[in-house]
Protein chains: 4
Amino acid sequence: MINRVVLIGRLTKDPDLRYTPNGIPVATFTLAVNRTYTNQQGEKEADFINCVTWRKQAENVANYLNKGSLVGVDGRLQTRNYEAQDGRRVYVTEVVAESVQFLEPKNSRTNAPEKDEPLPSDGYGDPFGDSDDPIDVSDDDLPF
Amino acid sequence: MINRVVLIGRLTKDPDLRYTPNGIPVATFTLAVNRTYTNQQGEKEADFINCVTWRKQAENVANYLNKGSLVGVDGRLQTRNYEAQDGRRVYVTEVVAESVQFLEPKNSRTNAPEKDEPLPSDGYGDPFGDSDDPIDVSDDDLPF
Amino acid sequence: MINRVVLIGRLTKDPDLRYTPNGIPVATFTLAVNRTYTNQQGEKEADFINCVTWRKQAENVANYLNKGSLVGVDGRLQTRNYEAQDGRRVYVTEVVAESVQFLEPKNSRTNAPEKDEPLPSDGYGDPFGDSDDPIDVSDDDLPF
Amino acid sequence: MINRVVLIGRLTKDPDLRYTPNGIPVATFTLAVNRTYTNQQGEKEADFINCVTWRKQAENVANYLNKGSLVGVDGRLQTRNYEAQDGRRVYVTEVVAESVQFLEPKNSRTNAPEKDEPLPSDGYGDPFGDSDDPIDVSDDDLPF
DNA sequence: TTTT
DNA sequence: TTTT
């Protein structure tokens with residue numbers, strides 16, 4: 001069925017690069033997408049949208065983007081859920097970025113090798129949290 | 001900035017119609033959007049995407065759609081957060097449906113007047129939950 | 001660069017299935033996409049958009065769709081130009097349908113074998129015209 | 001019905017600003033959208049897509065963009081046709097840009113007052129040609 | 001050259 | 001908490 005998302009926005013922080021147990025690169029990042037309308041209080045004028053990308057694209061994202069980079073994303077919406085430490089079920093809606101277009105002159109990141117840590121052996125965790133909650137996602141679930 | 005979502009899917013249950021304190025209709029519904037690829041286990045083959053729509057469109061959705069209805073949605077992604085009963089902050093990503101296209105022969109719902117209950121006076125609550133958590137959204141935040 | 005089109009509309013006539021010299025199936029069809037606004041005269045209330053699709057998708061389109069079928073299309077815009085019989089250059093803007101979603105209960109076409117004629121040996125012609133103008137498109141130009 | 005186009009590309013030349021007989025601004029421009037795939041010959045690697053925009057957006061486009069400017073466009077596909085000088089009917093497919101996002105630091109154009117000539121009194125002509133063919137489009141047909 |  |  002049709003499921004299409006197109007966004008232009010800026011990374012709220014440096015992208016996060018990890019690897020599945022099988023060695024497939026996964027990059028996650030959050031886009032701030034400014035709204036066109038302004039509310040009366042002038043507050044909450046952006047949406048913050050979590051994105052995931054895989055393989056070569058993931059490596060490019062990690063190598064060439066950083067906090068503040070302007071990008072275009074073409075992808076699709078995905079929902080998943082996982083069990084948090086406290087046993088609650090957490091529901092996640094995120095964009096799987098099939099293509100990421102860099103909209104600024106190349107500005108290669110200074111290497112941040114601490115980002116290249118492997119994933120926990122049983123999944124890719126909560127890619128947008130600070131914790132490392134394992135979740136039930138394996139290589140079999142890779143979207144492409 | 002560009003923020004565009006287009007979906008085709010089926011309502012997972014009847015839409016929910018409420019009203020803001022100022023009397024503006026808000027309908028919420030969840031779309032099951034089947035994925036094109038199939039994972040090896042044959043499991044989790046759909047995404048479940050929460051949608052909101054306002055005003056006339058909200059009333060049409062409530063009047064003409066029900067569980068299982070096939071629709072096309074053109075809209076944008078929105079993020080919000082609100083405080084749950086237990087004090088945790090809950091982050092929500094949903095689609096604001098600017099237009100909803102009905103893709104099946106009209107099949108007017110039998111009236112379900114219990115759906116037309118007003119919202120709590122301080123916001124439109126957690127539109128996708130069963131509870132009535134008030135959240136800090138007022139008429140000033142209406143997207144159009 | 002980002003180039004994305006999503007449409008819902010009805011086929012203005014039966015799709016046209018041809019083959020490149022190398023045997024790759026190409027289906028073309030035109031979608032009538034009704035406009036949401038109505039002009040004062042009530043005239044010209046639809047856009048008529050030419051679409052192309054390739055390979056397996058082309059065969060499915062030819063086998064399962066006909067005049068009046070309702071479909072969703074996810075694809076991209078493409079421009080090409082070719083020389084007409086009278087020497088003029090003709091510019092074409094069309095949608096390359098990467099995915100076509102059938103939105104109506106299967107209603108398998110009665111076979112129309114005269115549609116399955118091969119393309120002229122030097123290209124796929126003007127797929128939306130009645131003539132068979134050869135154009136400078138070869139298998140090398142296939143978009144996927 | 002759903003009709004959505006999102007593009008990122010560069011203006012192939014300065015935008016063209018005109019006015020309808022009723023004084024409504026119309027800007028036209030062509031976007032070069034680079035393809036992601038490369039054909040074997042390395043030729044024809046972009047699509048050239050005609051766009052129209054109206055009113056305030058038209059004036060902004062004319063004031064702030066020029067040849068080479070990078071923009072994002074969110075809009076819809078439109079088809080029209082008009083009679084050429086030689087009596088042939090010309091079919092046009094173009095994008096009505098509902099929003100145009102400037103993707104480069106402001107670089108205000110030097111005024112090009114010769115662009116601000118009014119339209120012929122009976123329509124907005126062939127906005128992408130060099131000629132001034134009148135066509136049967138009046139203010140009544142304005143899309144918004 | 002246009003669909004329900 | 002999920003639709004055909």
Side-chain angles (χ1 to χ4, degrees), chain A residues 1-3 77-83 88-93, chain B residues 7-16 28-36 38 43-51 65-73 90 92 94 101-107 126-131, chain C residues 7-16 28-36 38 43-51 65-73 90 92 94 101-107 126-131, chain D residues 1-3 77-83 88-93:
Chain A
M1 278 176 156
I2 285 174
N3 180 338
L77 270 175
Q78 170 178 269
T79 55
R80 344 175 247 116
N81 60 79
Y82 62 94
E83 180 137 10
R88 288 179 308 98
R89 191 137 288 269
V90 180
Y91 293 86
V92 174
T93 299
Chain B
L7 303 171
I8 295 179
R10 292 184 183 278
L11 297 231
T12 61
K13 43 181 192 177
D14 289 0
D16 193 20
T28 56
F29 55 94
T30 299
L31 281 190
V33 180
N34 294 323
R35 296 178 177 168
T36 50
T38 45
E43 61 190 0
K44 188 90 171 39
E45 82 289 0
D47 295 290
F48 299 98
I49 300 171
N50 292 334
C51 300
L65 300 180
N66 31 38
K67 180 175 175 174
S69 298
L70 184 68
V71 298
V73 160
V90 180
V92 174
E94 66 206 351
Q101 186 183 354
F102 304 166
L103 295 172
E104 287 175 325
K106 340 255 141 188
N107 157 27
D126 174 10
F128 299 105
D130 290 321
S131 62
Chain C
L7 302 172
I8 295 179
R10 292 184 183 278
L11 296 232
T12 59
K13 43 182 191 176
D14 288 359
D16 193 19
T28 56
F29 55 94
T30 298
L31 280 190
V33 180
N34 293 323
R35 296 178 178 169
T36 49
T38 45
E43 62 190 358
K44 189 90 169 42
E45 82 288 0
D47 295 290
F48 299 98
I49 299 171
N50 293 334
C51 301
L65 300 179
N66 32 40
K67 180 176 177 175
S69 298
L70 184 67
V71 298
V73 160
V90 180
V92 174
E94 67 206 350
Q101 185 181 355
F102 304 166
L103 295 172
E104 287 175 326
K106 341 253 140 189
N107 158 27
D126 174 10
F128 299 105
D130 289 323
S131 63
Chain D
M1 279 176 156
I2 285 175
N3 180 339
L77 269 175
Q78 170 177 268
T79 56
R80 341 177 249 116
N81 60 80
Y82 62 93
E83 180 138 9
R88 289 179 308 99
R89 190 137 288 269
V90 180
Y91 293 87
V92 174
T93 299

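Note that the structure is a prediction, hence the values are computed from the model and not measured. Both backbone and side-chain heavy atoms feed into the values below; hydrogens, waters and symmetry mates do not. Below, read A as the first sequence line, B as the second, and so on, with proteins coming before strands; counting in each chain starts at 1.
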Asks: Output the distance between atom CD1 (A:I2) and atom CD (C:Q101), rounded to the nearest 0.5 Å.
Replies: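 The CD1 atom of A:I2 sits 5.5 Å away from the CD atom of C:Q101.
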Asks: Nearest to the side chain of B:R10 - F:dT3, E:dT3, F:dT2?
Replies: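 Shortest atom-to-atom distance from the side chain points to F:dT3.
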Asks: Expressed as a whole number of angstroms, how long is the span from B:L70:CG to F:dT2:P?
Replies: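 One finds 20 Å between P of F:dT2 and CG of B:L70, rounded.
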Asks: From the list E:dT2, E:dT1, F:dT3, which nucleotide is the closest neighbour of the side chain of D:R89?
Replies: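 Nearest to the side-chain atoms of D:R89, counting from C-beta on, is E:dT1.
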Asks: Calculate the interatomic distance between C:L31 atom CG and E:dT2 atom P; express it in whole Å.
Replies: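 Spelled out: CG on C:L31 to P on E:dT2 is 16 Å.
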Asks: Starting at NZ of B:K13 and ending at P of F:dT4, how long is that distance when rounded to a whole Å?
Replies: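 Nearest whole value for this atom pair: 14 Å.
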Asks: Find the distance A:I2:CD1 to F:dT3:P and express it as a whole number of Å.
Replies: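 So the CD1-P distance, A:I2 to F:dT3, works out to 22 Å.
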Asks: Does the side chain of B:N50 reach to within under 4.5 Å of the side chain of B:T28, using non-hydrogen atoms?
Replies: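 They are not in side-chain contact.
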Asks: Rounding to a whole Å, what distance do you find between B:L65:CG and F:dT4:P?
Replies: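 The answer, rounded to whole Å, is 14 Å.
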Asks: Could you please name the option among F:dT3, E:dT3, F:dT1 that lies closest to any side-chain atom of B:N34?
Replies: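 Within the option list, the nearest is F:dT3.
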Asks: On a heavy-atom basis, which atom in B:L65 and which in B:L11 lie closest, and how many Å separate them?
Replies: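 It is CB-CD1, 4.3 Å.
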Asks: Which is true for B:G9 with a 4.0 Å heavy-atom rule: it touches a base, it touches only sugar-phosphate, or it touches nothing?
Replies: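 The answer is nothing, as B:G9 stays clear of every strand by at least 4.0 Å.
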Asks: Nearest whole Å is fine: how far is E:dT4 P from C:L7 CG?
Replies: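 The answer, rounded to whole Å, is 18 Å.
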Asks: Just how far is it from atom CG of B:L103 to atom CE of D:M1, taken to the nearest 0.5 Å?
Replies: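 One finds 7.5 Å between CG of B:L103 and CE of D:M1.
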Asks: How many whole angstroms separate atom CD1 of B:I8 from atom P of F:dT4?
Replies: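 Rounding to the nearest Å, CD1 of B:I8 and P of F:dT4 are 17 Å apart.
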Asks: Check the distance between F:dT4's P and C:Q101's CD and give it to me in whole angstrom.
Replies: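 Nearest whole value for this atom pair: 15 Å.
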Asks: Counting only side-chain heavy atoms from C-beta out, which of F:dT3, F:dT1, E:dT3 sits nearest to A:Y91?
Replies: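 From the listed options, F:dT1 comes nearest.
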